[in-house]
Every structure is written in structure tokens, then in C-alpha cells.
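Here's the structure, in C-alpha cells; my notes come after.
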Amino acid sequence: MKRRSKALRIKSILCALVLLCISTASFVGCSNGKVEQSSAVSSVSSVSETVSSDESKADTAAVSEAKENTVSDNSSAVSSVSETASSEESKADTVEPSKAKESSVSDNSSADTSSKAESKSEQSSEISETSTETKNPERQFTPPEKYTIDNIRSYVVGVDEDIELADGTKRPLINFDNAATTPALVPVQNEVNKELEMYGSIGRGYSQKSNHSTDVYNEVRKKVINFVGADDGGNDIYTSTYTAFFVNNTTDGLNKLASALVESEDDIVLATRIEHHANDLSWRERCHVIYAEVDEKGRVIYDDIERLLRENKGKVKYVTVTAASNVTGYVTDVHRVAKMAHKYGAKIIVDGAQIVAHRAFSMIGNTPEENIDFFVFSAHKMYSPYGGGAVVGLREVLDKHQPEFYGGGTVNLVQDDKQSYKRAPEVYEAGSPNYPGVVGLGKAIDVLQEIGFDNIEAHEKALNRKLIDGLKKLDNIVIYGDTENIDDRVGVVSFNFNNINSLILATYISDNGGVATRRGAFCAHPYVWRLMKLTESEIASFEGCTDIKTAGMIRISLGIYNTEEEVQKFLDMMPYLMEKSTVENFFVEKRSVDKEIAKSMAEDFEQVEAYLRY
């Protein structure tokens with residue numbers, strides 16, 4: 001009994017010391033608090049070892065029991081200390097309290113030989129390692145010998161990240177919204193992070209980091225020109241045929257180009273009805289735009305382009321067309337258009353946003369007459385969502401114009417009453433550039449070229465064929481564009497159902513199916529309204545792109561990492577999702593019930609069926 005009492009006294013002393021640690025930690029500063037906690041707990045462990053040694057003749061079982069209880073109490077105290085510090089340091093990085101807690105538990109465990117304590121320490125270590133691997137995948141990244149169409153999925157950031165569905169279950173998202181934007185590739189992410197370590201001001205800084213960043217920036221410029229086949233072998237951006245300037249995205253590039261090239265409101269620009277708003281409104285707001293029409297399947301009518309050029313007798317200054325449609329995926333024969341434009345004295349501009357991640361593109365045609373004059377594209381469409389993009393164009397023409405953007409980096413000299421501007425490309429790059437966007441763009445080009453555009457195209461065509469053939473089997477479906485000859489289509493398929501509102505179905509596909517699609521008119525309203533055969537009076541009643549009463553389509557757009565298995569999963573779930581959507585659609589459109597009420601009722605099919613019978 002006396003031995004047990006002595007052991008209990010030991011326990012009491014240790015508990016008092018732990019309480020003293022807690023009290024002390026609450027009065028120290030945020031950064032010192034973590035050090036004091038660890039030090040105090042280590043001191044307690046030391047006292048425990050000394051007392052145990054002095055009482056070696058005590059009853060072994062009693063001492064063992066006391067030590068186990070002490071370890072348990074100490075672990076609780078340490079946890080309490082960590083939680084207190086975490087609360088007081090709520091504005092600090094959450095990783096730091098976690099590290100302090102892990103350190104305290106580790107020190108405490110080392111003072112005791114209990115198997116339970118060792119087990120807890122090992123589990124804590126395993127969890128910590130797993131967390132580090134999850135939050136910092138770049139540290140574990142080992143590039144393959146070569147990036148291929150078969151292994152690239154393993155190098156897409158977030159591709160296996162779980163999302164939560166309406167029923168509370170979780171699974172990785174099937175991302176079929178790649179025409180809007182693409183996820184980052186791991187090598188792109190890593191390249192950006194690496195270059196940020198050596199980041200300095202571009203162009204005019206005096207430091208090793210500035211010199212390095214400027215070199216990288218200019219190397220990517222050359223890489224971009226080469227990427228679109230516009231490299232004439234010259235190394236001087238001031239004497240070569242083509243130059244390139246960096247922009248934030250395709251919309252930014254087209255607006256910047258339009259602001260420079262358009263000289264009068266009376267200038268005539270020829271566009272087509274297939275265009276994205278970026279390649280329509282940027283011209284429409286500055287000059288007079290005329291439009292070539294599309295046929296019943298949605299393809300550009302090339303004869304209509306030539307008719308408009310001929311009828312305007314050399315007055316058209318620029319012809320601007322998309323390289324690939326973001327609605328139907330049609331690839332435009334831009335070199336054919338270039339030949340027609342040049343024949344009538346016009347220059348050609350190509351919106352390349354939807355082509356650069358899908359097909360190899362060259363600004364150089366089979367003859368000089370077929371060459372492209374200006375090409376604009378975004379990096380976020382090609383697995384580098386860091387805000388980069390570029391305009392590649394004829395240096396001589398760009399030198400004769402200036403965009404409506406002014407500021408640092410564009411001038412040679414500024415005096416009180418006059419200023420002297422630089423030549424292209426600098427005069428088009430006012431302000432500090434988006435260095436991460438440029439770096440990411442350069443690396444994305446490397447990876448796509450390593451995979452090979454022939455392989456990308458073949459992979460995409462196989463997915464397109466499987467998707468279109470599967471969709472055609474569904475009742476009441478309308479697929480826009482040619483579903484038989486798909487050789488001139490990139491991986492974009494838009495569709496509708498005659499009996500289901502597209503917004504309702506897209507919501508179910510996302511919330512219940514875990515599939516990302518796009519619903520609406522895809523920033524190409526005139527083209528979408530034509531494909532849907534809507535009248536002007538019907539269009540005038542629409543209230544906005546995201547309104548349930550506004551007509552729209554559902555779009556699937558494929559990427560290099562999508563698989564046939566994902567396409568099949570989507571097709572397999574569609575009958576169920578269509579049934580759910582049809583029920584809700586009935587209440588919304590036939591009974592004018594509020595959408596949220598209808599959705600709630602649609603969750604219970606028995607209730608819905610009873611209502612329908614009534």
C-alpha cells in the first residue's frame with residue numbers, strides 16, 4: 001500500500017508540472033509558445049525518468065501502472081497545450097500548431113517505453129507523411145522518360161480529387177468542360193514554382209534574378225513563335241517576319257490587337273457567325289463588321305466569305321475567323337480563308353483558343369498567299385491556367401500601329417510635352433508582365449509537343465466517336481453539328497433533349513452524376529441561336545445566359561487526359577439522370593412551380609407519380 005501511495009505521489013507531482021507547463025505556455029508569445037511547450041514537456045519526461053530510477057525497488061506493477069497513467073495524462077495535457085496555442089495563433093499558418101503538437105507528442109513518447117505510446121507515435125508519423133504527400137505532390141514528382149497520351153492523366157493536377165455529390169457520397173470529378181479551361185499539368189505547376197524561386201523584374205532590373213527571369217521570358221517568346229510555325233530562322237525579334245507579344249488570354253489579345261489595327265469606325269472587318277464573342281465584340285465595338293453565314297450543320301460557308309470580299313471591292317481591311325469552334329468543334333480551313341483575304345487585299349486574323357491543345361497549327365501555308373498574318377491564343381486552354389497567352393503577328397504591321405494601352409516598358413523616353421515609344425513587341429506589353437503565365441505557357445508547349453499532336457488527335461477522335469454514337473441512342477436527343485463525318489471536329493459535342501430543360505439536366509449531371517459540363521450559349525450566342533433555329537422574337541425574350549427560361553445547350557469538351565471509361569460512365573448514368581430531370585422539368589414548365597420546390601419534389605418519385613395521377 002505504501003509503495004502504491006508513493007507511486008500516486010509521483011503521479012501527482014508530474015501532473016502538477018504539466019499544469020505548470022500549460023500555465024506558462026498561455027503567457028508566452030505566439031512563436032515562443034511552441035518552443036516553451038516542447039521544452040516543458042521534455043523537462044517533465046526527464047523528471048519522470050529520474051524519479052523512476054530512484055524508486056527502482058518499488059512494486060513493479062504499481063510503478064508501471066503509474067507511468068501508464070502519467071503518459072496518458074501527459075498526452076492529454078500536450079494536446080490541450082497545442083489546442084490552446086492553435087486558438088491563440090488563429091491568424092498564423094495552421095501547419096505550425098500541427099508541427100508543435102507532433103513534436104510534443106514525439107518528445108513525450110520517447111520518455112516512455114509503453115507500446116501504446118510508441119504505436120500512437122508511429123500512427124501520428126504516418127498521418128503526417130501522408131498529409132505532406134497530399135499537400136505537396138510536387139515534392140514527390142518524378143517525370144517519366146517521356147510524356148505520352150497513355151500516361152499524361154497521371155500528371156494532371158487534381159484529376160483524382162474527390163468532390164461531394166448531392167447524396168453525400170464522394171468521388172473524383174469527370175471533367176468534360178475543357179473548352180472553358182483546362183487543369184494544370186504537374187510539370188507546368190512545378191516549372192512555375194521552380195522559376196518563382198529565381199523571379200526578378202523583367203527587362204530593366206539590375207540583379208542576377210532579374211537577368212535570369214528576363215532570359216526565360218524572352219526564350220518563351222521564341223518558343224511561342226516556333227510553336228505556331230512562324231520561326232523564319234532569325235534570332236532578332238526586330239528583324240524577323242513575325243514577332244510575339246504576351247497577353248492575359250485570347251480575349252485580351254484580340255482586344256489589344258483590335259485597338260491597334262482599327263484606325264476608323266468606317267474600317268470594315270469580315271467575321272463569321274461561328275465566332276466566339278471575343279472575336280466578334282472586340283471588332284464590333286470599334287468598327288463596321290460584316291458576317292459570313294454558316295450552313296445548316298453549322299460549318300462556315302467559304303463561298304460566302306469570298307462573296308463578301310468581292311462585293312466590298314477591296315474595302316475589307318481584316319478577315320477574322322476562329323481556328324476551331326467552341327460550340328461544335330469544327331476546324332476552319334484558315335489557310336483557304338487566308339488565300340481569299342490576301343487576294344482582295346485584306347489581312348487575316350485567327351482566334352486560336354480552341355485549336356492549340358488539340359491540333360498542330362502552323363501560320364505558314366503551302367504558298368505565301370496562304371500564310372496567316374495574326375494568331376491569338378490562351379495558355380489556360382492548354383493546361384497552364386496561370387493567365388498567360390500570346391499574339392503572334394507580322395512585325396512590320398505591328399510596328400505601324402499602337403494599342404490603347406500605355407505605361408511602363410513601352411517607351412524610350414518621356415519629356416514634359418512629348419514621348420517616344422518602343423517598337424513591337426515591347427510597345428504591346430505595358431506594365432509588369434505575368435511571369436508565371438509566361439513560364440507555364442512555355443512548359444505546356446513542351447509537354448504537348450512531347451506527347452505529339454498526331455497522338456492527341458487520334459485519342460480525341462476515338463473519344464468523340466464513342467461519345468456521339470452513345471448519345472445518339474438516347475431518346476429525344478438533338479446533337480448539333482455533323483455526327484457522321486467528324487474528321488473536322490475537335491473534342492467538342494453539344495446537345496439537347498426535346499423534352500428536358502438543358503439547365504435542369506446539366507444541374508443533375510453535375511450534382512448527381514459528378515460530371516462537369518457547360519450549359520448555355522457558350523459566349524457564341526448568334527451561332528447557338530442559329531443552330532437551335534430560334535427566331536429573333538424568341539431570342540429577345542431571354543433574360544440572361546444562366547436563366548432557366550433562356551434557351552441553351554449542354555456541351556461536353558474533351559481533354560488529353562479524358563478516357564473511354566469516363567465517356568462510358570457518363571453514357572451509363574444518362575438514362576437515370578434524364579428520368580430525374582424529366583420529372584422536375586414537368587413541374588417547372590407545365591405547372592410553373594418554383595424550381596427549388598420542383599427539385600425537392602422530384603427527389604421523391606412516389607410523391608411525383610401521385611401528383612401526376614391527380
Side-chain angles (χ1 to χ4, degrees), residues 181 184-185 188-228 230-231 235-238 240 242-260 278 282 352-353 356 374-393 395 398-399 401-414 419-446:
T181 194
L185 295 176
V188 170
Q189 181 186 57
N190 287 345
E191 187 72 11
V192 170
N193 291 340
K194 183 190 78 172
E195 287 301 334
L196 286 177
E197 298 288 344
M198 280 293 289
Y199 173 61
S201 59
I202 307 298
R204 298 175 302 282
Y206 286 82
S207 74
Q208 288 80 358
K209 286 191 174 183
S210 178
N211 293 339
H212 172 79
S213 297
T214 300
D215 288 343
V216 171
Y217 188 79
N218 288 325
E219 283 300 317
V220 175
R221 194 193 305 278
K222 295 176 183 177
K223 185 179 293 185
V224 163
I225 294 172
N226 181 267
F227 176 60
V228 295
D231 187 357
N235 294 319
D236 190 342
I237 58 174
Y238 302 110
S240 58
Y242 290 93
T243 190
F245 60 88
F246 293 113
V247 293
N248 294 322
N249 48 55
T250 307
T251 302
D252 180 44
L254 286 165
N255 273 278
K256 193 166 285 187
L257 195 60
S259 75
S282 55
V356 285
F374 301 94
F375 184 78
V376 190
F377 68 102
S378 296
H380 81 99
K381 305 288 189 183
M382 49 192 293
Y383 309 97
S384 178
Y386 293 91
V391 176
V392 182
R395 179 194 53 77
L398 291 173
D399 273 342
H401 299 83
Q402 186 170 336
E404 295 174 355
F405 296 82
Y406 308 97
T410 64
V411 293
N412 291 312
L413 185 67
V414 177
Q419 54 280 338
S420 170
Y421 287 96
K422 292 182 177 180
R423 301 169 61 185
E426 287 95 338
V427 73
Y428 291 82
E429 295 178 344
S432 295
N434 176 6
Y435 186 64
V438 171
V439 171
L441 170 58
K443 190 60 180 180
I445 289 173
D446 291 342

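- Considering every non-hydrogen atom in both Ala424 and Thr243, the closest pair reads CB-CG2, 4.3 Å.
- With sequence neighbours left out, the side chain to side chain donor-acceptor pair (under 3.5 Å) criterion links Ser384 to no other residue.
- Considering all non-hydrogen atoms of both residues, Thr251 and Ala278 come closest at OG1-CB, 3.4 Å.
- Sorted by first and then second residue, the ring pair (Phe, Tyr, Trp, His ring centres under 6.0 Å) pairs involving residues 193-215 (not counting sequence neighbours) are Tyr199-Tyr435.
- Note on residues 192-209: pairs passing salt bridge (Lys or Arg N to Asp or Glu O under 4.0 Å), not counting sequence neighbours, are Glu191-Lys194.
- In terms of heavy-atom proximity, Thr250 sits nearest to Ala353 at OG1-CB, 3.5 Å.
- Among residues two or more places apart in sequence or in another chain, the ring-ring contact (aromatic ring centres under 6.0 Å, His included) test is passed with Phe375 by Phe361, Phe377.
- For Asp399, the salt bridge (Lys or Arg N to Asp or Glu O under 4.0 Å) criterion is met by Arg395, Arg423, not counting sequence neighbours.
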Mind listing the side-chain donor-acceptor pairs of residues 406-414 below 3.5 Å, one per line with the distance, residues two or more places apart or on another chain?
unit_1, atom_1, unit_2, atom_2, d
Thr410, OG1, Gly407, O, 2.7
Asn412, ND2, Tyr421, O, 3.2

Stepwise side chain to side chain contact (heavy atoms under 4.5 Å, CB included) check, Met382 with Leu441: CA-CA 8 Å; Met382 49 192 293; Leu441 170 58; 4.0 Å; yes
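- Residues passing the ring-ring contact (aromatic ring centres under 6.0 Å, His included) test with Tyr386: none are found, sequence neighbours excluded.
- The two atoms that bring Pro385 and His380 nearest to each other are CA-CB, 3.8 Å, heavy atoms only.
- Between Asn434 and Gly387, the shortest heavy-atom contact is ND2-O, 3.2 Å.
- Shown here are the side chain to side chain contact (heavy atoms under 4.5 Å, CB included) partners of Ala244, two or more places apart in sequence or in another chain: Arg221, Val224, Ile225, Val392.
- With sequence neighbours excluded, the residues satisfying ring-ring contact (aromatic ring centres under 6.0 Å, His included) with Phe246 are Tyr217.
- In this structure a side-chain-to-backbone donor-acceptor pair under 3.5 Å is missing from Ser213 to Ser210.
- Side-chain contact between Asp252 and Val376 is absent, with no heavy-atom pair separated by less than 4.5 Å.
- In this view, Tyr428 and Phe245 satisfy the ring-ring contact (aromatic ring centres under 6.0 Å, His included) rule, not counting sequence neighbours.
- The side chain to side chain contact (heavy atoms under 4.5 Å, CB included) search around Asn211 returns none, not counting sequence neighbours.
- Using a distance-only test at 3.5 Å, with no hydrogens or angles considered, a donor-acceptor pair links the side chain of Thr214 to the main chain of Gly203.
- Partners of Asp446 under the side chain to side chain donor-acceptor pair (under 3.5 Å) rule, at least two apart in sequence or in another chain, are Lys223.
- Of all the heavy atoms in Val427 and Lys422, the pair that sits closest is CB-O, 3.3 Å.
- Atom CG in Asn249 sits 10.0 Å away from atom OG1 in Thr181 (nearest 0.5 Å).
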